[in-house]
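Here the structure is a predicted model, which means the values were calculated and not measured. Counting starts at 1 for both ligands and their atoms, in listed order.
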Amino acid sequence: MQILDGLKLSKQIKQEIKESVDQLITAGKRVPHLAAVLVGENGASQTYVNSKIKDCEQVGFRSSLLRLPETTSQEELLAVIEKLNNQADLDGFIVQLPLPKHIDQEMIINAIDPKKDVDGFHPENFGKMALDMESFIPATPFGIMKLLERNEIETKGKHAVIIGRSRIVGKPMSILLARKGNPGDCTVTLVHSSTINIEEFTKKADIVVTALGVPHFLKGDMVKEGAVIIDVGITRVEDTDSPKGYKIAGDVDFESVQEKASWITPVPGGVGPMTRAMLLENTLLAYQRNN
Ligand code: GUN
């Protein structure tokens, strides 16, 4: 069993991005600029957004954090997006999800200029991704593809089972692994909450990507010998030993699954840091494409 070390690879990718930024600075050019919009006080969202801002600092990007109150109306948020769309010195921005219930998430995502949609959530980017056209690929699936590619994991002709059909992970992952190319060329099965017997599929998978949010769901007896296991789960579970009062648990029961896996991502230190690195990568791409 080998660890698919996302922390290590993310550091490498961030170093590569930093080198690109250093070259821009040497050439007297402006540096890439990412903005994050956070509406309300969701604890996990605050942590994620702060991490994204910190990542920008690490690679030398300019960053802006727009914190709006929970009571922000849909119209007010749309006005903020319109301003960011038109801000010439801003390369990309994200609106952290989930949004407060009174705001229509789809309406907000649709308002983002696809050229600045570094989350890759806009339907135009999603459609272009599905059609192999130039687009922004959502950071988590993009990070998983990079993990497979840089670790030279063979995907061609393999059976990949994706657990979960979210717009952020499961759906794009299923499209990317089925696309022509490397990584890709997989035969893909997308299982979800209405699938009758999930383990019937996972037992036959060469690659399993779990994005379910159920801690320790995937057990050793549900996977094939030699399978590649990618754990996207990041659920906060109570942990009285931790100063924070919680720890992060993945969807995979690491103890039992590692006995059978050929490659496995740890939680933490697997997919999470790759997601963060790929948002930076997308911001650099936005800068390069729009300049
Ligand atoms: N909420 C959870 N993950 C993400 C993400 O990747 N982007 C945004 N905007 N919100 C999220």
Among all the protein's non-hydrogen atoms, which is closest to [atom], and how far away is it?
{"atom": "atom 3 (N) of ligand 1", "value": "Ile168 CD1, 4.1 Å"}
{"atom": "atom 8 (C) of ligand 1", "value": "Asp119 OD2, 3.3 Å"}
{"atom": "atom 1 (N) of ligand 1", "value": "Leu97 O, 2.9 Å"}
{"atom": "atom 11 (C) of ligand 1", "value": "Gln96 NE2, 3.3 Å"}

So is Arg289 actually on top of Phe136's ring, under 6.0 Å and inside 45° of the axis?
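Yes, Arg289 sits over the ring of Phe136.
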Practice prompt. Check whether any heavy atom of Lys52 sits under 4.0 Å from an atom of ligand 1.
Written response: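 It does, in that a heavy atom of Lys52 comes within the 4.0 Å cut-off of ligand 1.
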- Task: Answer yes or no for Tyr48: is there a heavy-atom contact with ligand 1 below 4.0 Å?
- Result: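 Contact absent.
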query: Which atoms from ligand 1 have a heavy atom of Val95 less than 4.0 Å away?
result: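 Numbered from 1, ligand 1 contributes 8 (C), 9 (N).
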Between [X] and [Y] (salt bridge meaning N to carboxylate O under 4.0 Å), is one present in this structure?
{"X": "Glu124", "Y": "Lys128", "value": "yes"}
{"X": "Arg179", "Y": "Asp185", "value": "no"}
{"X": "Lys101", "Y": "Glu70", "value": "no"}

Excluding sequence neighbours, so at least two apart, what forms side chain to side chain donor-acceptor pair (under 3.5 Å) with Asp22?
->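 Scan of Asp22 (side chain to side chain donor-acceptor pair (under 3.5 Å), adjacent residues dropped) gives Lys18.
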* Would you mind telling me which of Lys11, Arg276, Lys14 makes a side-chain hydrogen bond (donor to acceptor under 3.5 Å, both in side chains) with Gln58? =>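 Going through Lys11, Arg276, Lys14 one by one, the side-chain hydrogen bond (donor to acceptor under 3.5 Å, both in side chains) with Gln58 is satisfied by Lys14 alone.
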